[in-house]
Every structure is written in structure tokens, then in C-alpha cells.
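Notes for the one structure printed next.
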Amino acid sequence: MKKALRSFFSSIKLTVVLLIAMALLFMVGTFLPQREGAMEFAQRLSPGISGLFHALGLFDVYHSPLYYGLLGLLALNLTVCSLNRLPVSWKLYRTPHFPVPVGLFSKLPPNRVLLTEQNREGCLSSLENLLKENYGAIEKDVKGGHVFFSIRKAGLSLFSVYGVHLSILFMIAGSVIGSVLGFEGYVNISEGETTNLVASRNGGDIHRLDFSVRCDKFTLETYANGMPKTYRSDLTFLKGGQPVRQGALMVNHPIHVNGYRFYQSSFGSAPGGRAVLGYSTGKGQEEKVAVSVGDRFDLKEGGAHVEILRIEGNLMKFGPGVKLDIASPQGRHIQFWVLQHIDEIAEMYPELLTQFPLFDPALFKPYRFYLKEIEQQYYTGLQVVRDPGVPLVALGAFLMVAGLILRHFMPHRHIWVRVDEAGRQTRISLAGRSRHMAALDRELDLLGRRIQEKGIV
Amino acid sequence: MSHTLILSWVTFIYFGAFVLYLFRMILGGRSWGKLASLAAWAGFAAQTAAILWRWKVSYSLGIGHAPLSNLYESMIFFAWAIMLLHLFIEWRTGSRAFGVFVVPLAFLAMAYASIAPGVNNEIQPLIPALQSNWLTSHVVTCFMGYSGFAFAFGCGLMYFLKTADADKPENSNRFLKRLPTLASLDLMIYQSIALGFVFLTIGIMTGSIWAHYAWGSYWSWDPKETWSLITWIVYAVTLHVQYIKGWRGKRMAALTMVGFASVLFTYLGVNYLPGLHSYLN
């Protein structure tokens, strides 16, 4: 029973099946709406199918029991496979230099056999020097009139596969640590405001930081063509009311504070801000007043009261606008919008003011209002992350790349050189063993060229 | 004269190189092959110059960045990487038989970049998310990987054609005879997949490091990320069945097609799904 289990978990078939199942699951994940987007989609399906998808976790495949199950099996499979193979690699690594494998030097292609008129002794010593120069550690053996040299290269490469497998285990472990112990949340902070509360991404419960963040300023820069150039938040981090750190947060440049990383994630225009209004009766001077939402002021003539209801940076894509409520002395209330670009808008939509008096800045006669400017107030959207799994994942990534490079670009090679006499000539034969034949061929070609260049043959 | 004009000429040169490689395969004779290689090298040199020129122009516009930031630029770089690998392998193996199936892939990438609807060839400034030193290393490694897989795909096509020849040697035609041997195609498929796999892995890793700094997470299950992982799995399976199960020949050739389809979906198909990599549209 134990043996059967072990052979089941050590089979390459299981690896392939698991990997294909994962790939298929991921495909489903990219085609089916996931998590937040899934609700609306699920309602369009028949209840039976939608229920089935739900049960299989297909609306959140990357957090489904199915996915975790496959991941767990893969981890087990990788471990058992690797442990099973390890002795084989060890044996290969410890392959004795001598005796030379049986049949290694039979049926060599002609370019692997070099002949020279030089005597055997001279040839041997210069060959030995050349090999030592190029490979360092070499082994020598004399047997039945033949002299053999043995060279092993990149023996470590035999173990690269375990590095790669281990790296996957590291990454799985790191991602589990991150999802169990990590935190991801979002917070919007208006310019000038301070908070220590962050809404967690999962479930949206509120997480209290042991320090607070103040957004001193948010800056949005654009290129000449209107594309965004910079999103930047000037932040101050405070502990017990005292600033402990200040920094400019930009996309691609997170700020690390107390184990949390802060990212520039989004921004928007905060309600409020200040606006500069102008008004006149057509005769006499134009009056100017700076206001915020909730402010009231009196009009000079007629005794009417004006209240500022709203200040918007971009009202219905018409640009900046301020909504007024004017109470006349008779107790009548008139509400309308004062848009900064009303003249241009009225030109584009000549019917607008007659159809929608709400946008007529001269609705309260005899006054006409102008919006000079509004001071836009922004809020910055910060992403707050803590992921203790990152170092393990990073270690895994490094190990995987190193392992793959070692495996594919520096494969293990074992080379033997034989020197003997063929008639009156001295004969040098080159042969080797490797799972990577092309690399072995290149190595032997190079060695052959070096021997010729040295004038040994 | 501008670099985009050079790039449209390069498109035609690559097509010319393909036709010359085809002549060599059909008519035989060394001179066709030499001409084909010459055209391929000339096109490659001109393309390299045009890419460098575009890079320089972006600096003189005050928005300097490596020309790897949108679909047009990545497509041009993809073609360049395919040609780089092709010329390298042609030089190393001394065989001109690969050009007829690999050079047209570079030509198609170039042609797609210039005629596909919605592909903008203007030099655009970088949005904040793209302003990173990881942009160059991520894009370069990914497309080196893709070019390895493209080469393997070309070899896979050749393998299937060649087996048609091997089945009935008595009436095989000259074109098929001049294709590389099945054994050398098999080896080339394995080697180019291994090369592509290493680069794809580095590409995914550099992408994750970048995402760690830009998006707050090294992995977000964005569709492009997910599909790059699917592609990685396809080639990981391919390498395992080759090494452990000893799959060779037609089966490996078939897997190059599956893998390359996944590469194309990762590169182009995914852009129709919503996600974080949407600036490629």
C-alpha cells in the first residue's frame, strides 16, 4: 500500500496531469468573470449552472479549494519525485573517473581522432599541460599501453533540477504565507487630512494601523498631449502625533514604513475645495467672492441670500461648476449651476439654456454669476500592503532562474581523452558522456581545436 | 526619411529574404542561399539602425525611453528577436534551411505592426506605470523567449513536412529533401524550446519584480500574467515529457504548435480580456 502510494506520487504522469489541470483552471479563470465581476455574470446563467460553477469555485478560481488541492498535490508530487531521483543524480555525480566506460572509444567519428608524428612522451606531457591549463583538476590513468585523462565539468548541473523543484516549493510556501499573514487594503485621503484606518480588500473590514498617514498634497502632471505623466502624493507619517517620516509617493516608487508598503494606486477630486465667484447686475462694478461649500453671503441690492450647495471639478463633463441656492427676500428659493465654461457650452448647445434653466447663470434677475476658478482639491488613493511571504518567493525566483541557467546552458559533461600508438603515429582520441549531446559535441570540438592550435598534432 | 520608413522597407526586405530562401529550397544552388542570407543580414542591420534611431528620436522629443512600450514597438522588437535568433543559428549550424520557415514569421510580425488596425506607430510618452527601469529587461527577456518558441514552431512545421517525405522516399520532392534531417530538426526543437523557456522564466520573474514595485503585488492574476504562466506550464510539460518520457519527433513537433498558440494568445489574444496590461491596446 505504502509502496503503491509512493509510486503514484512519484510518477511523471501525475505531474503532467496536475500541470495540465492547473493550466485549464487558469484558462477558466481568465475567461469567466472573477470575484467582484462574477455576481452580475452569474445572474445571467441558469441557476443550475451558476450553482455548479459556485460549488467548484470557478468564480474565484485562484482561491478555490480545487486550486489549493492541485497546488498541494503538485508540491507533494515534486517532493516525492525529487527525493526518488536524488540517489540517481548522486551516483552520476560520483561516477568514478576510471575505468573508462565500456565501448566509449569504439566507433568514434573521424574528427574525434587526432594523429601525430610526434613521439608519445612529448605528446603526453604537452597534452597534460594543456588539459590542466584549461580544466584545472584532471585525473590520469595508465592501462595496457593506453594513457587516459578524465575531466568532469559542471557536475553541479546534475542537481540544478532539484534547485528548480525546490524553488517552486519556496514560491508556493511564500504565497501561502502571504495570503495567511499578509494584508492588502486601500485608503483614500483628501489633501490635508490624516488617517490610520485602512479598508481591507477582502471583506472590506477596517484595519487600524499603529501610525497615521497625512496627505499633504497630491500632484497630477500631464504631458502636452494630455496623457498622464506623474501621480505624486506628498505624505507624512505620524506616530503619536509626531511626524516620523516624510516622502513623495509615486507610481513605481512605493514607500516602506513599519513593515507596510504604500503604493500610489488612484486619485480623484475631493468634494469641497474653494471657488471664486463673480456677479454683477450689468451696470456698475462686478463683485468677487471666494467661497466653500456651505458658505452664505448677501447680494448687495435686493437683500437676497446666496448659499453654496456644491462645488464640482467636472460636472457632467461640462468642467468646473458651482451650485447656488438663492433665497429672495420674499422667501422664494432658486437653485442653479454656475459653470465656468458656460459661454462655450451654450455656443455648442444653443438649446441648452432654454431647455435646462438650471444651467443659466442669469436665472436670478437682474444678476448674472460667473465662475472665475475653482481650486481643485484632490484625494489620493493609497494601496497598503504587508506581505511577509515576499522574501521566500524572491528566493524561489532567484533559485529557479539560477537552476534553469545551470541546467540548460551549463550541462554536466564528462570527457575522456585517450593517448596510444597507432603504428608509428601517436593517436589522441576524444570521447565523453552527457545528457546534453550538443553541448558535449561543442566541448569536444573546442578541445580538438585547442590541441591543434597548440601544435600537439 | 524617417525610422518608420526604414521599418516598412525592412518588412519588404524580409519578404524578399523569404522568397530567396524559398528559391534556394526549390531550385537549389548555393547562390540563392547566399543572396537570401545577405538579404536577411541587410534587413536585420537596417532594422537595428531604425530601432536605435527611434530610441534617439524619443529623447529629442523630451520623452526618452527604450522603444519597447506599446504594441507597435513590441511587435517590431519581436521581429528583431526572431531574426537575431535565426541569424545566430544559421551562423552556428551553417545550414540555410531554417530561413524559409522562420524569416516569414519575422515578416508577418513586421507586417502586422504596420497594417493591423488600431496599432499606433507614434512615439508616445510613458504613463506613470511604465516609468520603470524594469520595462526594458522585462520586455527584452519575454520577447527573446517568444522568439525561441517561434523558432521551435518553425522547426515543428518543417518536421511535419519532412516526415511526409520520409514516409515515401521514392517520390520525394527536392524541396523536402533539402530540409534538415529529422534528427537535427528534433534537436533544434529541443534546444530552441529550452532557450525560450529560460528566457520566458526570466521574463516572468522580471515582470513580477516590476509588479511588486508598480502594482503592490508580485502576482495579481492579471490575464496576461495568468496566460504567461499557462504558456510556461505548456513548455514545462514539453520539456518533462521530452526528458523523462523520451518523447521525440512528431509528438514534440505537435507540442511546438500548442506552445506557440499559447504564446500568441498570451501576447495578442489576452489584450481582448480586461486587465492591468491594457496599455498594449
Side-chain angles (χ1 to χ4, degrees), chain A residues 12-13 15-16 19-20 22-24 26-27 29-31 33-34 37 61-62 81 161 164 171 174-175 178 182 184 221 223-225 227-232 250-254 261-265 383-385 387 389-390 393-394 397-398 400-401 404-405 407-409 435-438 442, chain B residues 62-63 92 122 124-135 187-188 190-191 194-195 197-199 201-202 204-206 208-210 212-227 229-234 236-237 239-241 243-245 262 265 269-270 273-275:
Chain A
I12 179 79
K13 260 187 203 151
T15 321
V16 171
L19 286 175
I20 291 174
M22 275 184 160
L24 291 174
F26 295 157
M27 283 184 208
T30 60
F31 286 114
Q34 296 288 299
V61 295
Y62 312 118
C81 270
V161 58
V164 175
M171 286 191 253
S175 70
E184 185 184 358
E221 283 178 54
Y223 293 105
N225 69 357
M227 282 170 69
K229 183 180 181 183
T230 313
Y231 305 127
R232 170 189 159 128
M250 293 195 283
V251 181
N252 272 309
H253 301 279
R261 283 177 285 123
F262 285 78
Y263 290 88
Q264 182 65 57
S265 168
Q383 186 185 359
V384 186
V385 181
D387 187 348
V390 164
V393 175
F398 174 77
M400 175 176 278
V401 171
L404 286 176
I405 289 177
R407 169 155 190 79
H408 290 291
F409 298 152
R435 288 300 291 250
H436 200 311
M437 289 310 291
R442 273 201 298 277
Chain B
I63 48 172
R92 277 304 282 264
E122 275 169 39
Q124 291 160 318
L126 293 180
I127 59 167
L130 291 178
Q131 293 164 15
S132 167
N133 292 331
W134 292 101
L135 169 70
L187 183 67
M188 200 52 78
Y190 168 72
Q191 290 191 327
L195 181 79
F197 189 69
V198 173
F199 273 107
T201 308
I202 301 175
I204 294 175
M205 298 307 170
T206 50
S208 313
I209 298 172
W210 186 7
H212 173 81
Y213 288 108
W215 295 336
S217 171
Y218 57 85
W219 198 263
S220 316
W221 296 110
D222 159 71
K224 208 178 208 49
E225 282 178 352
T226 309
W227 270 94
L229 183 58
I230 293 170
T231 303
W232 189 88
I233 289 176
V234 170
V237 167
L239 288 172
H240 278 86
V241 293
Y243 186 72
I244 309 275
K245 304 287 275 183
S262 181
F265 195 81
V270 162
L273 301 170

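Below, chains carry the letters A, B, ... as their sequence lines are ordered, and counting in each starts from 1. The analysis underlying the following values was restricted to heavy atoms, covering all of them including side chains, and did not include hydrogens, waters or symmetry mates.
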Search all heavy atoms of [X] against all heavy atoms of [Y] and return the closest pair with its distance.
{"X": "A:Pro228", "Y": "B:Pro128", "value": "O-CD, 3.4 Å"}
{"X": "A:Asn225", "Y": "B:Pro125", "value": "ND2-CD, 3.8 Å"}
{"X": "B:Phe265", "Y": "A:Phe31", "value": "CZ-CZ, 3.5 Å"}
{"X": "A:Asn252", "Y": "B:Ala129", "value": "ND2-O, 2.9 Å"}

Which atoms of [X] approach chain A - backbone, side chain, both or neither, heavy atom under 4.5 Å:
{"X": "B:Val234", "result": "neither"}
{"X": "B:Trp134", "result": "neither"}
{"X": "B:Ile204", "result": "neither"}
{"X": "B:Tyr243", "result": "both"}
{"X": "B:Ile63", "result": "side chain"}

(Q) Please verify the inter-ring angle class for B:Trp221 with A:Tyr62; under 30° counts as parallel, over 60° as perpendicular, anything in between as tilted. (A)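 Geometry flag for A:Tyr62 against B:Trp221: parallel rings.
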Q. Centre of B:Phe197's six-membered ring, under 6.0 Å away, within 45 degrees of the axis: is that where NZ or CZ of A:Arg407 sits?
A.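 No, a cation-pi geometry is absent between A:Arg407 and B:Phe197.
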Contact origin within [X] toward chain B - heavy atom pairs under 4.5 Å:
{"X": "A:Met250", "value": "neither"}
{"X": "A:Arg442", "value": "side chain"}
{"X": "A:Val393", "value": "side chain"}
{"X": "A:Phe26", "value": "both"}
{"X": "A:Phe398", "value": "neither"}
{"X": "A:Ile12", "value": "side chain"}

Specify which of [options] makes the most heavy-atom pairs with chain A at under 4.5 Å.
{"options": "B:Met205, B:Gln131, B:Gln191, B:His212", "value": "B:His212"}
{"options": "B:Ser132, B:Ser208, B:Gly216", "value": "B:Gly216"}
{"options": "B:Ile209, B:Ile202, B:Ile233", "value": "B:Ile233"}

Q) Hey, mind stepping through A:Ser175 and B:Trp219 against side-chain hydrogen bond (donor to acceptor under 3.5 Å, both in side chains) and telling me if it holds? A) CA-CA 9 Å; A:Ser175 70; B:Trp219 198 263; over 6 Å; no
Q: Answer yes if the side chains of B:Ser262 and B:Trp227 hold a donor-acceptor pair under 3.5 Å, and no otherwise.
A: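 Absent: no donor and acceptor within the cut-off.
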**Q.** CZ-CG distance between A:Phe409 and B:Leu195, expressed to the nearest 0.5 angstrom
**A.**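 Taking CZ in A:Phe409 and CG in B:Leu195, the distance rounds to 5.0 Å.
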